[in-house]
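Naming convention: chains lettered A, B, ... in sequence-line order (proteins, then strands); numbering from 1 in each chain. What's counted below: heavy atoms across the whole structure, side chains too, no hydrogens, waters or symmetry copies.
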Amino acid sequence: MSFGKGCHLHLIDGSSFIFRAYHALPPLTRKSDGLPIGAVAGFCNMLQRYVEGNHGPDAPTHVAVIFDKGSHTFRNDLYDAYKANREAMPEDMRPQIPLTRDATRAFNIACEEIEGYEADDIIATLACQARDLGGRVTIISSDKDLMQLVGGGVEMLDAMKNRRIDVDGVREKFGVDPDRVVDVQALAGDSVDNIPGAPGIGIKTAALLINEFGSLDELLDRAEEIKQPKRRETLIGKRAQIEMSKRLVQLDCDTPLEFTLDDLEVRDPDPEVLLGFLTEMEFRTLSKRIAEALGREAPVIPEPAAQEVAEAAVPDWPAIDPASYERVGEMAALERWIAAIRAQGFVAIDTETTSLNEMQADLVGISLATAPGTACYIPLAHKGGAADDLFGSEDLAEGQVPMANALAALKPVLEDDAILKIGQNMKYDAKILAAHDIAIAPIDDTMLMSYALHAGEHGHGMDTLSERYLSHEPIPIKTLLGSGKSAITFDRVPVEEAVKYAAEDADITLRLWHVFKPQLHRARVTTVYETLERPLVPVLARMERHGVKVDRATLRAMSGKFAQKMGALEAEIHALAGRSFNVGSPKQLGEILFDEMGLDGGKKGKTGAWATGADVLEDLATEHELPARVLDWRQLSKLKSTYTDALQDHIDPETGRVHTSYVQTGANTGRLASTDPNLQNIPVRTEEGRRIREAFVAEEGNLLVSLDYSQIELRILAHVAQIDALKQAFRDGHDIHAMTASEMFNVPMDEMTPEVRRQAKAINFGVIYGISGFGLARNLRIPRSEAQGFIDRYFERFPGIKGYMDETVAFAREHGHVQTLFGRKIHTPEISAKGPRAGFARRAAINAPIQGTAADIIRRAMIRMPGAIADLPCRMLLQVHDELIFEVQEDAVDRVIGAVREVMQGAAHPAVHLDVPLVVDAGQGANWAEAH
DNA sequence: AAATTCACG
DNA sequence: GACGTACGTGAATTTC
C-alpha cells in the first residue's frame, strides 16, 4: 500500500524506549554468559505490549522505530557544548544498544537510523512527509522536544502513561500552540540538553512573552518595550544566544532519507525469527508469552547450572488445562480425593459462593488441587433449570453431593493439624467455612506470601500473580457471571463451566504456593510471613464475622437533620451566586467563583479545571460568603452520603451489626485497609462529625472500650534514628511537641504558647512524612522560606534525623527496598526514577519503615490478643491503625483494659527492644464517641 | 473509568 | 532555573 490518505504512521522513539527499559528493570544478565540484557528485556517487553495494543480502527498501517546514530551532529557544529553535560551512558547499557536494533528487526518492525543525525530529526522528517501526504501520525515518545511537531494530524503518545498528547496537550505543557513551541524552548533553554536560552526565563515566562508578542522574532525586535528592566536587558543582550538556542531546538524536516514511507508498512513478525531471537537472549517468560500470542509452542531454553527453583519448576509442570479437571459428583469420588489429600499432607482449596460479602454469601462449591494439573471441583448448591428458562429453577442441579454429607466428610481434613490447607486470600474461605462450623487450620496463603515477598512491587490478586509468575491468564469470572445488571450468581453457572473455572483457581493457587514457598526463605521474609501475616488471618476473620453494633435509628435521625440543613444552605448558596447550580459539582462551582464572580486566587489543575478544594475555599471564605457556605454544605454532604446514609446500608439484616472487611495486603507498609464499609475513617476531628460515632454502640450490658498507642510513630522515629533528646523526653513522659518547640525556638517550657507548639507538632509529623519546605509551608500556611528555615533549624538541633533520612534513602537505592524493625520489606522500585516521581519515592521510603514498624507492632498485639482475653467476657471488634476497639461486659472493663494494655505495650517484645516505652491510653463508654 | 474531594491514622 | 511535593488509605460524586 502506498502511503497516503487513510494511512496511519507510528514513529517510535527508540532511545526513549531503551532508557526507560534500562531504568525500569534491575540489572539482569544472561544466565549462560553474564551478558547484561535488562534493557533488552524491557525493550522487548515494551515492543510486545505495543504490538498487543495495536488493534482496532486506530491501528497503524506503517510503523518504524527510530534510533540516534553517532554522537556528532550539525548541532555540535552550531554549539560545541550541545548535550555536553549529559552523563556518560552506563557501562552495562552500551553493549545492549545494538541488541535493541536486533530486537526491533526480530519483531519485523522497520528500524531506521542515519549517521550524524538525531532520531528526533528523522522523526520530524517522516512526520512532515506523512502529514503532507494526508496521513495520520502518532509519535510514541514523551520527549518534549518532539511536541513542536504536533498538529495537522500529528499526535504524540506517552506509552508508559498511555496518554495521547494533541494540540491541547502541547498548549498545557508549553502554554503556546505547537508552532510556537520552539520559540518558548529557545527562551527557556533546557538543562538536560545544555541549551542556554535566556537566563532567568523559564517556560512560564517564555509562554507569557510569546503570547504577548506573537513570535520570538517579534519579541526580540521589540524587546525595548518590555517593562521589567532585567528581562529587557537579557532579551537584548543575549539575542544571539537565544537565536542560536532556537536553531538547536528546531527539528530538521529535511533529513536526507535512504528509504521512503512505503518501506515502513506494518508487517507480521516471522515467528521463527522472533522466537529465535528471544531464545538466544534466554528470555523465558517473555518467549513463552509471545509464543502463546503467535500460537506457537514455547521454545525450550536450557537452564544453566545454578537453578532458580521457581523458573526451573515451571517447565516441568503440565500446562494449565481447564478441560482436564475432574467434576466430583458423588461421595465415592470425594472419598478418593480425601484419601489422596491425607496421603500427601497438603491441598490447595478454594470456595465458590453467591457473593463477595462473606456474611451474605452462600456456599456453592469447593475446588481442590493436590498437584499442578491435578484438580477437581465439588459442586454443592448449583441451581438446575433449562437454559431457556430466564429465571432458572430453584431446584438443585443433578449430580451434586448433598452439601451436609460433603462437608461432614471434608471437615476432619480441613481441621486436621497434620494437613496444610493452601489458599489465595484464605480469610475469605475461612469465613465461609466458619459459617458451616468448620475451623480451617493450619493454612498457607499465597496472597500473603506474595505480600511478604513483593510489597511495593505489584498487587497480590490471583490474576496478577498468575500472569506474573505462571505466565497464565486465568479464566475471567466475568465470562461466567456477566457484569452489570445482567450479572448472575455463581449458583446459576452451569456446572461444567464452574468446574473449569473453580478447579483452575485451585490449580493456580497450588502452583503459586510451589513458586513462593522456597522464595520466602531466600528473601529472608519467612519470619514476617509466619509471625505477622499468617496468624493474623483467623484473628481478622473472627473480628469481621462478629461485627460492631450500629444503631440505625441514630443514623436515620442524623441523616434527616443533615438533609434539612443542606437544603437551607443550598438555597442560600444559590441566592449568593445569583443563579441555581449543582453545589456538589466542583466544575460548576469553579465557574461560578472564578468565571462569573471573578474572584482571584483561582488555580487550574492539570486538566484545566478550577481547583475548589477545602484549602482554596478557606482562603476565599475570608472575603466572601459563598465559599464559606459551600464548605459547610460539603461537610454535611460528606457526613450524610458517606456515613449516615451508607452505614445504614451496611447493617447486616441477620446480625444487626456492621461487618467490615480488612484487606491485609491493602497498604504497602503493613497497615491494614478497611473496606465495605471503611471503618477506619469514621469522623472524629470535628464536633459534628464525631457524633456519628454515637451510632456505634455496645450490646446491652456491655461497654465499648478503646485503647490506642500514644505517639507511636514518633516513638519509633526516636528509636530508629537514635535521637537521645527525643528518647529521653518520651521516657520522662514529657509533651513531645512542646519539647521540640522549646529546643527549636529556644522558648522555655513554661513560656510555651499554643501557636509555637502547633508549629513544632507540624514539623514532627512532617519529619515522619519525609518533610519538604513546600509541604510544611502549605500545612502551616506560612511562606516557604520560613518553613525551610524551621526545617533547617530542626535538622541542626536533631542531626540524627537528617542522618536517618539520608541513610534510609541510600539503603533503598542500594537494595531496592526498605524494611521495618521486624524485617518486613517494602520495595521501592521508583527510588531511582527521574522527575517528580523521585520525590514521591524518596518520601515514601522515609515513611515506610516508621509507619510499617508501627503496623507490625499492633499486628503482634492483635495476634496475641485472643490468647490474652480468652477468659474475659469481651470481644475485639475493630482496628484503626493505632487503636483497638473492644466490646466488653460492663463488670469486666477494668480487667480487660489491664490485660489489653499489657499486650499492646509489650507487643514489640521479645523480637525488638525499643529504647522508648510504648504508652497506651484507654477510654470507655456506651458508644464509640464516649470510648475514644 | 478518571478526576475531584474529603474522611481517618 | 523550574517543577511539583508532605506518608498511608477508601468512598461518594461528578464528568467524560
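- Put simply, A/N678 has no side-chain N or O that comes within less than 4.0 Å of OP1 or OP2 on B/dC8.
- Distance CG (A/D615) to C1' (B/dT4): 12 Å, rounded to an integer number of Å.
- No contact: A/A188 has no heavy atom under 4.0 Å from any strand.
- A distance of about 30 Å separates the C1' atoms of C/dC3 and B/dA7, rounded to the whole Å.
- Residue contacts for A/V663: at a heavy-atom cut-off of 4.0 Å it reaches no nucleic acid atom on any strand shown.
- Between A/K761 atom NZ and C/dC7 atom C1' the separation is 16 Å, expressed in whole Å.
- Rounded to whole Å, atom C1' of B/dA7 lies 12 Å from atom CZ of A/F696.
- Taking side-chain N and O atoms only, A/T612 has a distance below 4.0 Å to OP1 or OP2 of B/dT5.
- Formation of a donor-acceptor pair under 3.5 Å by the A/H932 side chain with backbone atoms of A/E930 is not found in this model.
- Distances were taken from every side-chain heavy atom of A/A844 (C-beta onward) to each of B/dA7, C/dC7, C/dT14; the shortest belongs to C/dC7.
- The listed nucleotides are B/dA7, C/dT13, C/dG8; the one nearest the side chain of A/N847 is C/dG8.
- Contact of the A/L877 side chain with the A/L704 side chain is registered, since non-hydrogen atoms from C-beta on lie closer than 4.5 Å.
- Side-chain proximity of A/S585 to C/dT14, B/dG9, C/dC3: nearest is C/dT14.
- An OP1 or OP2 oxygen of B/dC6 is reached within less than 4.0 angstrom by a side-chain nitrogen or oxygen of A/R634.
- Picking from C/dG4, B/dC8, C/dG8 the nucleotide with the shortest atom distance to the side chain of A/Q851 gives C/dG8.
- Nearest-nucleotide assignment on DNA chain C puts the 5′-proximal partner with A/P199, out of A/P199 and A/H650.
- One interatomic measurement links the two molecules: CD1 of A/I682 to C1' of C/dA12, which rounds to 14 Å at whole-angstrom precision.
- Judged purely by atom type and a 3.5 angstrom limit, A/R693 uses its side chain to pair as donor or acceptor with the backbone of A/I682.
- Contact between the side-chain N/O atoms of A/Q680 and the OP1/OP2 oxygens of C/dA11 is not found at any separation under 4.0 Å.
- The pair A/K230-A/E233 fails the salt-bridge criterion, with no side-chain N (NZ, NE, NH1 or NH2) lying under 4.0 Å from an Asp/Glu carboxylate O.
- Looking only at side-chain heavy atoms (C-beta outward), A/V720 and A/T808 stay at 4.5 Å or farther from each other.
- For residues 766-774 of chain A, proximity to DNA chain C is found at A/G766, A/Y769, A/I771, A/S772, A/F774, defined as any non-hydrogen atom under 4.0 angstrom from a strand atom.
- At least one test fails for A/R171 against the ring of A/F174: distance under 6.0 Å to the centre or angle within 45° of the axis.
- At B/dA3, none of the side-chain N or O atoms of A/K587 fall inside 4.0 Å of OP1 or OP2 (strictly under the cut-off).
- The A/V880 side chain lies nearest to B/dG9 when the options are B/dG9, C/dA11, C/dA6.
- Using atom P as the reference point in both B/dC6 and C/dA6, the two lie 15 Å apart (nearest Å).
- Residues of residues 664-674 of chain A having a heavy atom closer than 4.0 Å to DNA chain B, listed by number: A/R671.
- Using a 4.5 Å heavy-atom cutoff, the side chains of A/L639 and A/M558 are not in contact.
- Nearest nucleotide to the side chain of A/K638, out of B/dG9, B/dA7, C/dA6: B/dA7.
- Contact annotation: A/R778 reaches the phosphate of C/dA6 (side-chain N/O to OP1 or OP2, under 4.0 Å).
- Pairing for B/dT4 is with C/dA12, a Watson-Crick or G-U wobble pair whose two hydrogen-bonding atom distances lie under 3.5 Å.
- A donor-acceptor pair is defined here as one N or O able to donate and one able to accept, closer than 3.5 Å; such a pair exists between the side chain of A/Q588 and the backbone of A/N582.
- Rounded to whole Å, the distance from NE2 on A/H881 to P on C/dG10 is 9 Å.
- Within the 4.0 angstrom heavy-atom criterion, only backbone atoms of the sugar-phosphate kind lie near A/D882; the bases stay farther away.
- In this structure, A/L636 atom CG and C/dT13 atom P are separated by 14 Å, rounded to whole Å.
- Distance OH (A/Y451) to C1' (C/dG8): 10 Å, rounded to an integer number of Å.
- If you check every strand for non-hydrogen atoms under 4.0 Å, A/A777 touches nothing.
- Ranking C/dA11, C/dT15, C/dA12 by closeness to the A/Q588 side chain, first place goes to C/dT15.
- In this structure, A/R842 reaches neither bases nor backbone, as no heavy-atom distance under 4.0 Å exists between it and the strands shown.
- For the pair A/I203 CD1 and C/dG4 P, the interatomic distance rounds to 9 Å; values are reported in whole Å.
- With both ends at atom P, the span from B/dT5 to C/dA2 equals 28 Å, rounded to whole Å.
- Between A/E688 and A/K561 there is no salt bridge, since no side-chain N of the basic residue sits under 4.0 Å from a carboxylate O of the acidic one.
- Residue A/R837 places no side-chain N or O under 4.0 Å from the OP1 or OP2 atom of C/dT5.
- Looking only at side-chain heavy atoms (C-beta outward), A/Y794 and A/T740 come within less than 4.5 Å of each other.
- A/S674 contributes no side-chain N or O that, together with a main-chain N or O of A/Y662, makes up a donor-acceptor pair within less than 3.5 Å.
- Within 4.0 Å (heavy atoms only), A/D676 reaches sugar-phosphate atoms of the nucleic acid but no base atom.
- Judged as a salt bridge (charged side-chain N to carboxylate O under 4.0 Å, His left out), and not counting sequence neighbours, the contacts of A/R691 are A/E694.
- Counting any heavy atom pair closer than 4.0 Å across all strands shown, A/A854 reaches no nucleic acid atom.
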